Amino acid sequence: MRVLVTGGAGYIGSVVVEKLLEGDHEVVAYDNLVKGHRAAVSSGATFVEADLTDKERLAATLREHRIEAVIHMAADSLVGESVGDPAKYYRNNVVAGLALLDTMRECEVGRIVFSSTAAVYGEPEKQPIEEADALQPTNPYGESKLAFEKALKWYDHAYHLRYASLRYFNAAGATDAHGESHDPETHLIPLVLQAAVGQREFVEIYGTDYPTRDGTCVRDYIHVSDLAQAHILALGALDRGSRIYNLGCGGDGYTVREVIDVARKVTGREIPVRESARRAGDPAVLVAGSARIKRELGWSPARQDLGEIIGSAWTWMQKHQNGYER
Ligand code: UDP
């Protein structure tokens, strides 16, 4: 299939591009490089540096490459930042997203796979979380993703847009070629590994008074390759109708302290920590029930062991001490 990946130069986007190329799809990575890295785009893909709100450029790209489906991953995705600057999240995740949908309609591109998030559930009443559970985001990031999911539902109803919303839990790990590199870094695993190599003095633990087994937040870490694989499966299923899936490994998840302990074992390094206050907008526990995508598409995560996930990130980081070349 001929696929346009928005955010194709980002962490997860770069791996989705890599996996699409491995599956012999034709790929255009579309990214404004505000956060993405040109060097993260596999050489087999066409790269277009542009903004989603640049409708002329977007329409020209869709037409020139005769795009059949879009994987929409371009977004802002930081819970804490969204609480302080909701306007940015509504602008980049909702307004720019709607600009994409309208340009797709204009160019008669009728299929989209959307990067959604566990943050649409807010503070869930039960674990693991299932797709039919209540949607009550506790931060503007989750609200903005939910607003776009709802737009997809109504665009499908009125304009027959086929969509898959993939609600990611915590993406982690790396492939041989692509890993996580943000500036500034805010995600737990890369921060822990930076502390392991001495690039930072310590890791902060945000909140130790959550109602969890050790007082720190529980998250469900999923390897970025498994996440990418789910996009390929979802893409292939769109003709059979729109769908919504959770993507995580399930089980008991891991607390922040458990992540740090596993990283200590994997790296063999000391990782100093400092306990601090809760981060705004963080729910205590987010663990996925992914039975639906397993049942309907036969997806199953190949790398469920956190040591293996962190190990892949560690291998990548040692090869890219300063992230991607600029
Ligand atoms: N976290 C932490 N210290 C950090 C970064 C994150 O304790 O320096 C915690 C955060 O509160 C959350 C978990 O680690 O419970 C995962 O956070 P991350 O930002 O990696 O992903 P998110 O869950 O926000 O998508």
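Note that the structure is a prediction, hence the values are computed from the model and not measured. Just follow the structure's listing: the first ligand is 1, and inside any ligand the first atom is 1.
Looking at atom 24 (O) of ligand 1, its nearest protein heavy atom turns out to be Arg279 NH2, 2.8 Å. Among protein heavy atoms, atom 20 (O) of ligand 1 sits closest to Leu188 N, 2.8 Å. Nearest non-hydrogen protein atom to atom 11 (O) of ligand 1 is Asp282 OD2, 2.6 Å. For atom 21 (O) of ligand 1, the nearest non-hydrogen atom of the protein is Asn170 ND2, 3.1 Å.
Remark: ligand 1 atoms within the under-4.0 Å shell around heavy atoms of Ile205 are 7 (O). Below 4.0 Å from some heavy atom of Cys217 lie the following atoms of ligand 1, by number and element: 15 (O). Applying the 4.0 Å criterion to heavy atoms of Thr186 picks out, from ligand 1, the atoms 5 (C), 19 (O). In summary, the atoms of ligand 1 found under 4.0 Å from a heavy atom of Tyr206, numbered by their order in the structure, are 1 (N), 2 (C), 3 (N), 4 (C), 5 (C), 6 (C), 7 (O), 8 (O), 11 (O).
Salt bridge status for Glu275 with Arg257: present, with a side-chain N to carboxylate O gap under 4.0 Å. In summary, Glu258 and Arg213 engage in a salt bridge, as defined by a charged side-chain N under 4.0 Å from a carboxylate O. Salt-bridge formation is not detected for the pair Asp156/Lys153: no Lys NZ or Arg NE/NH1/NH2 atom is positioned less than 4.0 Å from an Asp or Glu carboxylate oxygen. The existence of a salt bridge linking Arg292 and Glu130 is excluded, since no basic side-chain nitrogen approaches an acidic carboxylate oxygen closer than 4.0 Å. Salt bridge annotation for Asp239-Arg111: present, with a cationic side-chain nitrogen under 4.0 angstrom from a carboxylate oxygen. Between Glu185 and Arg200 no salt bridge is recorded (no basic side-chain N to carboxylate O distance below 4.0 Å).
With a heavy-atom cut-off of 4.0 Å, His187 touches ligand 1 through backbone and side chain alike.
Remark: side-chain polar atoms of Gln127 are not paired, donor with acceptor, to backbone N or O of Gly289 under 3.5 angstrom.
Between Leu191 and ligand 1, not a single N/O pair is under 3.5 Å apart. Geometrically, ligand 1 and Tyr221 share no nitrogen or oxygen pair separated by less than 3.5 Å.
Using the six-membered ring where Trp is involved, Trp316 and His320 have ring planes that are parallel, under 30° apart on the 30 and 60° scheme.
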